[in-house]
Amino acid sequence: MDLVVAVEQQLEPDRIRAVVASVAGGRSKSRRLAAHLAEHPRVLNDGRSPAPRAVGDLLIALRTAGAQTVSPPCCAECGRQMRVLQRRGQDWFCWNCGRPQHKPCAVCGNTRRVASRDRAGRPRCGKCPDTDGRNPVAVIGALIAELDPQAERETVFDAVRRSAPQPSYQQKLAWALESHPALLTGDGYLAPHRAILKLIDLLHEAGIVGIVRPSCPGCNRVVRIDKPLNGQRVCRMCISHSRIEECSGCGARREPATRDVQGRPVCPNCLVSDPANLETCINCGRRKVVDTRTPDGPLCQSCPSVPTATCSICGEEKPCGVSRVTGGPWCLDCQRRSAPCSACGGVAAVVSGTLDQPLCLDCTVPEVWHTCPTCSDPDYPHPGQCARCLINLRLNELLGPPSNALHPGLEALRHNIATTEYPLTAKRWLNKPSVSPVLSDLAAGRRALTHAALDELPDSPPLAHLRQVLVGVGALPERDEYMVRLERFLTGLLASQQDPEQRKVLHRYAIWHLVRRLRRRNNGRPVTPQQFASTRQRTHAAVAFLNWLTAHGLTLETCRQADLDRWLTDDSATYRHTAGHFIRWARTNKLTTVHVPAVRWNGPTPPLDEEQRWNVARRLLHDDTLKPEDRLAGLLLLLYAQGASAIHRLTTEDVEIGAQHVRLHLGDAPVQLPEPVAHLARTVVANRKGYATIGALTPSRWLFPGGQPGRPISTTQLTQRLNRLGIRPNQARSTALFQLATEIPAAILARTLGIHTDVAVAWQRLSAGDWATYAAEVSQRAPQSLQGKRRT
């Protein structure tokens, strides 16, 4: 602005400041603009390029605002002054000079200025346009009418005009849709023009039957795709992944936010933390990264946005908080002020009073708030509205006021949040940027309250939690989330394979073997996180092995054992051990002749420490300072050989509580728990409580509830809690199974603990247990018991 003011005398400085601020944009662009004007100040007088586009925009804006001394931009070829400009590189050109050069017309052959191009992309002069006399809007309408004969003509024509206002662009759309009608039914990612994607969205919103919104070919999400990448239209996230570079500052591999003066990439973290981007916070006075911009100035991350008020101590008009002692506003300077107290004389922090007569905390008479000003809550000890009033206010902003027009599921969610036990936690959850926009869209009807509509959003942990909350309140039906994620993953992985034969083999292996076997084993039960991770890892391993074969000019059919051995010893190969499952499957289905033997389990590898096991068990039995649920989970592992994956699936129906006994169903036959384990089981069943603040309308049916409503504790979280107790689940379970196998026959062990009979037999052999005479011992035990009863 100073450089412009030094040249332009006709405009007022405030007017110049407004023009510069409107053109300069962000800090990075304004710095480039200022740097070029400081290095080439003559451009303000002659308007000559080369110069950045922002300089030309500034000159045009200043001339429009009434500047007389500042020159408008001039054409680099003919020198004519311009009101609008075109660029080639760093040079500006007028409309005539900026147009493409003369080329031979594809029809008449004369070398003339290119006026248009035909459907093949060849140049046409103004006398030879590629027109067939048809109305392009009518042509597009006829193509859409073939998909939906009931579509209203005016609706279709309006969508075409909104997506392509110019007749020439409408003609291009008509040509593209005529040559490839499948663009409207799912192949939109191949659209040569962005207007086709906008047309598809408008038609889909209008409810035209047969119109299919395309999914991103990179991530298979149904989101906005208008960025060209390798001949396809992809989403912004895939574009971001394709632009990943190593940051010149921190070395992180991310999409560059900008580039330095040498043209090297700079990531967003280095950009915001650059010393040139730091500003002075109006609250604390420190030069830090800007977190919030207010009308009074920037605020850093450490300083919350506070209203401006008159400080009750210094009397100055500043951004002030509210004192919890006096209830009056006080600025940050007074919050840090220390002085001799006017009442007791001691030097202490100033809490009330004035600058002339400060008072410390002990000499301040606190104001007591008895009620909330909105709901008259007598138990709220702080000034202002209580937490429930604040959360109701936030719910009104997101979902609107309570009414019959609100979806019943959202109304149930609203009631659950408003009556939650921890309103502050619920309020923080509502303020998350990944939650509040989704709830607003659901309440306003911009997004349907269905699983399919939520699937269109980017997958993230907050979205998964929101989905489970909606399921918990009854707004959405329950579904197998890990199976849905697995199907989505496999669909995207198969679609990304370019080789048809390789895609066919992977489809047979992943869909018809892994997923089919998984469904058969679960028999209607939901997929566990471990099953999801195992299936995904095996699929990745199959892809890695097939890619290695392709890179070495081999196939499954031509691969020999020597090639497989070379792959097993190749340091660059990945998933070498996991891929053995795929190779054995391929050999079984006669797709290859090579073979990788399965690694058989030969018993527990860690040393078995029976004494340590019992020391930990005694602590869990008698240490009342530990949580009952942790004690019960640890005892089930140490005494009954239940792994974390089996413990976290236990429900209250598995615990049978009677007047004199407690039975636990781990397998087909229940186990009667002795004291004090039975007392722990009663305590956990009676007092079980998950960590879900929202969505837990009814007591959870799980014995160990988790953080999401209606979900059990995850095996990862359960393992971490056991580790904090000094229990290593794998080693402790092996120790328990080893001991139990020496005391109980394999058949009873399998029926009691819920393990497979083959596993029980393997552990019995490992422990050298001999139960060949078990039947004879039982037959001899019965008469003794009868004799004992007779004696009694």
Side-chain angles (χ1 to χ4, degrees), residues 25-26 28-29 32 53 87 89 121 176 180 182-183 186-201 212-274 433-434 455-463 485 487-500 502-503 506 510 536-537 539-548 550-551 572-575:
S28 179
K29 182 179 178 181
R32 291 196 301 267
R53 173 63 183 264
R87 292 178 63 214
H180 194 178
L183 293 174
D187 289 350
Y189 63 92
L190 299 175
H193 309 290
R194 294 178 59 185
I196 294 178
L197 298 171
K198 185 177 181 180
L199 174 63
I200 293 174
D201 291 338
V212 179
R213 293 184 61 196
S215 60
C216 175
C219 60
N220 297 293
R221 297 181 301 141
V222 181
V223 293
R224 181 181 178 184
I225 54 171
D226 56 358
K227 308 293 183 182
L229 180 65
N230 299 329
Q232 297 177 338
R233 300 277 177 176
V234 299
C235 65
R236 179 65 184 84
M237 184 181 71
C238 293
I239 287 291
S240 176
H241 291 170
S242 67
R243 295 175 178 173
I244 289 178
E245 297 184 58
E246 184 175 338
C247 176
S248 59
C250 62
R253 294 188 55 81
R254 303 180 63 184
E255 180 186 13
T258 185
R259 295 185 180 273
D260 57 14
V261 293
Q262 288 83 22
R264 298 176 300 178
V266 179
C267 71
N269 289 341
C270 293
L271 174 63
V272 299
S273 59
D274 190 287
S434 56
D455 289 339
E456 298 177 0
L457 298 173
D459 192 16
S460 63
L463 178 63
R485 290 178 56 184
E487 291 174 348
R488 189 185 309 152
F489 160 74
L490 293 177
T491 301
L493 184 66
L494 294 175
S496 63
Q497 302 302 315
Q498 303 296 331
D499 188 356
Q502 182 171 327
R503 183 167 59 249
L506 287 175
R536 185 174 58 177
Q537 186 181 30
T539 308
H540 277 309
V543 173
F545 179 64
L546 292 176
N547 289 339
W548 186 88
T550 303
S572 62
T574 57
Y575 299 100

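Because the structure is a prediction, the values reported are computed rather than measured. Values below: all heavy atoms of this structure, side chains included; hydrogens, waters and symmetry mates excluded.
Distance OG/Ser242 to NZ/Lys227: 11.0 Å, rounded to 0.5 Å. The structure places CZ of Arg243 at 9.0 Å from CG of Leu229, a figure rounded to the nearest 0.5 Å. Taking OG1 of Thr550 as the start and CD of Gln498 as the end, the distance is 11.5 Å to the nearest 0.5 Å. Atom CG of Asp187 and atom NE2 of His180 lie 4.0 Å apart (nearest 0.5 Å). If you take CG on Leu494 and CD on Gln502, they are separated by 10.0 Å, rounding to the nearest 0.5 Å. The SG atom of Cys216 sits 12.5 Å away from the CZ atom of Arg233 when rounded to the nearest 0.5 Å.
Scored by the side chain to side chain donor-acceptor pair (under 3.5 Å) test, Arg236 finds Glu255 as partners (sequence neighbours excluded).
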Atom pairs and distances, side-chain donor-acceptor, residues 218-226, under 3.5 Å, sequence neighbours left out:
| residue | atom | partner | partner atom | Å |
| --- | --- | --- | --- | --- |
| Arg224 | NE | Asp226 | OD2 | 3.0 |
| Arg224 | NH2 | Asp226 | OD2 | 3.0 |
| Asp226 | OD2 | Arg194 | NH2 | 3.2 |

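Annotation: side chain of Pro192 is in contact with side chain of Leu183 (closest heavy-atom distance under 4.5 Å). Using a 4.5 Å cut-off on side-chain heavy atoms (C-beta onward), Val543 and Leu493 make contact.
When all heavy atoms of Gly188 and Ile200 are compared, the closest pair comes out as CA-CD1, 4.2 Å. A pairwise comparison of heavy atoms in Ala176 and Ile196 identifies CB-CD1, 3.8 Å as the closest pair.
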Practice item. Show your reasoning for whether side chain to side chain contact (heavy atoms under 4.5 Å, CB included) applies to Leu190 and Gln232. Key: CA-CA 5 Å; Leu190 299 175; Gln232 297 177 338; 4.0 Å; yes

